[in-house]
Amino acid sequence: MTAEAQDTAGLLLSRIRDVPDYPKPGVLFKDITPLLADPVAFTALTDSLASLCVTHGATKIVGLEARGFILAAPVAVRAGLGFVPVRKAGKLPGATLKQAYELEYGTAEIEVHAEDLVPGDRVMVIDDVLATGGTAEASLELIRRAGAEVAGVAVLMELGFLDGRARLEPALGGAPLEALITV
């Protein structure tokens, strides 16, 4: 990691607030709202993610509902790329592609407009946190089913103790997984 990347990671980490026992006892929640409220930190985050998109040759950016939207939209603007939301099932009108994935207790579905990703697109997935990797894994499947190529996955923060990287590795198919911070 370069000195500049270390400085950026330090700035970002200093703006993430730990909230003990939220949303339930025993959980230490990582609250990114102070980072978003700080224009210097939010700009550094946006610039870092946009740089990764350019470096990996992305032509479109997918943001995962819901906090991924907050990060991915300004990154797309900064990088000069299109933004495509991946939503929870039932939230998009028109023709969609859906992908089910497993949760700790049950399943969920995400979807994307069928026409928003096309063959020839190189798509970077952006989200706030990589936890268990289930939603990111499902989004990679959606991207490929649309005929597009995965340029990579970039997240603000990876929760290393949940081992999402190991789950995601096979689905990446050699595409990079970039985390600005690992906790």
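Excluded from the calculations below are hydrogen atoms, water molecules and symmetry mates; all remaining heavy atoms, backbone and side chain alike, are included.
Asp47 places no side-chain N or O within donor-acceptor distance of the main-chain N or O of Ala44, the cut-off being under 3.5 Å. Asp31 places no side-chain N or O within donor-acceptor distance of the main-chain N or O of Arg17, the cut-off being under 3.5 Å. One N or O on the side chain of Glu111 and one on the backbone of Gly90 form a donor-acceptor pair closer than 3.5 Å. Under the 3.5 Å distance criterion, the side-chain polar atoms of Glu65 are matched with a main-chain donor or acceptor of Lys88. In this structure a side-chain-to-backbone donor-acceptor pair under 3.5 Å is missing from Thr96 to Val112. Without hydrogens or angle criteria, Lys60 side chain to Asp116 main chain gives a donor-acceptor distance under 3.5 Å. Judged by distance alone, the side chain of Ser139 and the main-chain N or O of Ala136 form a donor-acceptor pair under 3.5 Å. Using a distance-only test at 3.5 Å, with no hydrogens or angles considered, a donor-acceptor pair links the side chain of Arg145 to the main chain of Lys98. A donor-acceptor pair is defined here as one N or O able to donate and one able to accept, closer than 3.5 Å; such a pair exists between the side chain of Asp38 and the backbone of Val40.
Both Leu13 and Leu45 belong to a single network of hydrophobic side chains, linked directly or stepwise wherever heavy atoms of I, L, V, M, F, W or Y lie under 4.5 Å apart. Under the 4.5 Å side-chain heavy-atom criterion for grouping Ile, Leu, Val, Met, Phe, Trp and Tyr, Phe42 is not connected to Phe83 through any hydrophobic cluster.
In this structure, Val125 and Val150 have side chains that are not in contact, with every pair of non-hydrogen atoms separated by 4.5 Å or more. A 4.5 Å side-chain heavy-atom check between Phe29 and Pro20 finds every atom pair outside the cut-off.
Enclosure of atom CD in Glu4 is not indicated, since only 12 or fewer non-hydrogen atoms of other residues, nucleotides or ligands lie within 6.0 angstrom.
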Exercise for review: I would like to know whether Val153 and Leu140 meet side-chain contact (heavy atoms from CB on, under 4.5 Å); could you show each step before the answer?
Suggested key: CA-CA 9 Å; Val153 174; Leu140 298 178; 3.9 Å; yes
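The heavy-atom pair separating Phe69 from Gly63 by the smallest distance is CE2-O, 3.3 Å. Counting all heavy atoms, side chain and backbone alike, Ala41 lies closest to Leu35 at CB-O, 4.0 Å.
Checked options Leu142, Leu92, Ile110, Val86; the residue passing with Leu97 is Leu142 (criterion: side-chain contact (heavy atoms from CB on, under 4.5 Å)).
One finds no salt bridge joining Asp127 and Arg67 here, because no Lys/Arg side-chain nitrogen approaches an Asp/Glu carboxylate oxygen to under 4.0 Å.
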Side-chain donor-acceptor distances from residues 168-183 under 3.5 Å, at least two apart:
| residue | atom | partner | partner atom | Å |
| --- | --- | --- | --- | --- |
| Glu178 | OE2 | His56 | NE2 | 2.9 |

